[in-house]
Number of protein chains: 2
Amino acid sequence: MPYPAKLSQGAVVDAGLALLDAAGPAALGMRAVADVLGVRPASLYKHVGDLAGLEALLAERVAAGLSAELDAALAGVPPGADAEATLAAFADAYIAFARRVPSRYALFSATPYAVPADPARPGGERRALWARLLAAVGAVTGDPDDTAAAVSVWAFLHGFAVLERGGLFGASGPRGGLARGVGALARGLARRAGA
Amino acid sequence: MPYPAKLSQGAVVDAGLALLDAAGPAALGMRAVADVLGVRPASLYKHVGDLAGLEALLAERVAAGLSAELDAALAGVPPGADAEATLAAFADAYIAFARRVPSRYALFSATPYAVPADPARPGGERRALWARLLAAVGAVTGDPDDTAAAVSVWAFLHGFAVLERGGLFGASGPRGGLARGVGALARGLARRAGA
DNA sequence: GTCTATAGCAGGATAGAC
DNA sequence: GTCTATCCTGCTATAGAC
């Protein structure tokens with residue numbers, strides 16, 4: 001065989017992830033991914049469609065990784081723990097991910113919605129993430145499906161991650177803003193004592 | 001005169017702003033701005049240096065606009081108002097700006113720090129914005145220089161703006177998450193009643 | 001200060017051979 | 001399924017004439 005099969009969709013996604021970590025989201029492109037794989041750019045189109053398709057696959061993969069880490073963090077919280085401690089564990093895991101692999105987090109959060117293409121029903125990982133968030137927030141509010149509260153917490157965490165990564169906090173850094181915000185949200189979102 | 005002066009730095013910035021509003025941050029470029037002005041791209045370089053210089057000028061201008069609106073919102077709060085109402089007015093004005101001119105907000109928040117170039121000491125508008133934020137948060141915490149609390153509120157507002165604009169909330173939208181988060185932060189950040 | 005002309009670079013995507 | 005070869009589009013930035 002003159003041209004044996006060297007690629008697969010999974011291999012292309014793996015290469016994209018490696019490139020993402022090494023060179024950042026701006027460097028993600030068909031040419032660069034092909035270079036990583038030692039292959040010609042044209043070959044990739046048979047496996048991931050086009051660049052947008054590759055990005056969607058990558059976002060899904062990243063969402064799965066984040067979801068797993070959040071799951072582990074929630075599982076590590078002792079059964080009788082304080083509700084605020086549960087939310088703090090979730091928040092710490094979320095921010096730790098954004099700090100450890102900022103390029104993956106950037107790609108994930110820049111992809112509006114994994115437009116449900118035909119194969120394998122993407123977007124499912126996003127829903128899993130949302131479920132983890134609702135669980136963590138539910139521990140604080142007492143309502144296991146408190147959408148507004150979940151939106152609040154997500155907005156705070158995402159905003160913190162983005163501002164920190166963008167250098168918007170300046171040289172002084174966040175200055176305790178993470179713990180302060182998580183604590184404030186936990187107390188402020190909690191069901192009123194008398195209710 | 002064969003080539004009368006048609007341009008000025010201010011005119012180029014105005015055109016950039018118009019282009020930004022009409023076509024989004026991705027469309028901002030020397031060619032496009034020149035087209036808006038009916039001029040050749042090469043002419044712009046005498047006025048704004050290069051593309052990065054133009055972006056810095058635009059970010060500064062946008063920061064000034066946002067700062068002014070926040071100022072007006074804070075000034076509109078009655079003197080004896082509740083501390084939570086003050087923060088809510090600030091938050092509403094912030095999000096209203098991000099919704100009304102999303103491209104301007106995106107440019108502003110994407111520019112890490114107006115690198116202080118020689119002319120007119122840029123970056124000053126950012127500091128003004130930070131002062132407004134500290135004032136609004138100080139009304140809630142009682143500390144006029146509570147950095148951690150200000151970081152918390154900014155992270156929440158920016159995160160909300162970004163997620164909403166990016167369509168990350170999905171079809172259902174934020175679902176009351178803004179008011180919920182502002183209320184929770186106001187209560188959670190407030191100085192303890194007994195202190 | 002504006003113009004013409006051009007250099008230089010990078011990127012996505014396709015047609016058709018093997 | 002991979003290859004070669006190529007097209008097309010987009011952009012910043014500079015040199016030198018007027």
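Lettering follows sequence order; numbering is per chain, from 1. For the numbers below, each heavy atom of this structure counts, side chains included, while hydrogens, waters and symmetry mates do not.
Between A:Asp143 and A:Asp145, some side-chain heavy-atom pair lies under the 4.5 Å cut-off. You'll find the side chain of B:Arg40 stays beyond 4.5 Å of the side chain of B:Met30, heavy atoms only.
No side-chain donor-acceptor contact under 3.5 Å links B:Glu164 to the backbone of B:Gly173.
Under the salt bridge (Lys or Arg N to Asp or Glu O under 4.0 Å) criterion, A:Glu84 pairs with no residue at all, not counting sequence neighbours. Evaluation of the ring-ring contact (aromatic ring centres under 6.0 Å, His included) rule for A:Phe160 yields A:Phe169 as partners, not counting sequence neighbours.
Spacing between atom CG of A:Leu37 and atom P of D:dT2 amounts to 10 Å, rounded to whole angstrom units. Taking atom CG of residue B:Leu19 and atom P of nucleotide D:dC11, one finds them 10 Å apart after rounding to whole Å. To the nearest angstrom, P of D:dT2 lies 14 Å from CZ of A:Arg40. To the nearest angstrom, C1' of C:dC3 lies 12 Å from CG of B:Leu44. One atom, NZ of A:Lys46, and another, P of C:dG16, lie 13 Å apart when rounded to the nearest Å.
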At under 4.0 Å between heavy atoms, which parts of nucleotides 9-15 of chain C does protein reach? Answer with one letter per nucleotide, 5' to 3': B base, S sugar-phosphate only, - none. --BBBB-
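Contact check, A:Ser43 against D:dC3: a side-chain N or O comes under 4.0 Å of OP1 or OP2.
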Quick one, B:Tyr105 with B:His158, criterion ring-ring contact (aromatic ring centres under 6.0 Å, His included). Give me CA distance, side-chain angles, the key distance, then yes/no. CA-CA 10 Å; B:Tyr105 184 77; B:His158 178 63; 5.7 Å; yes
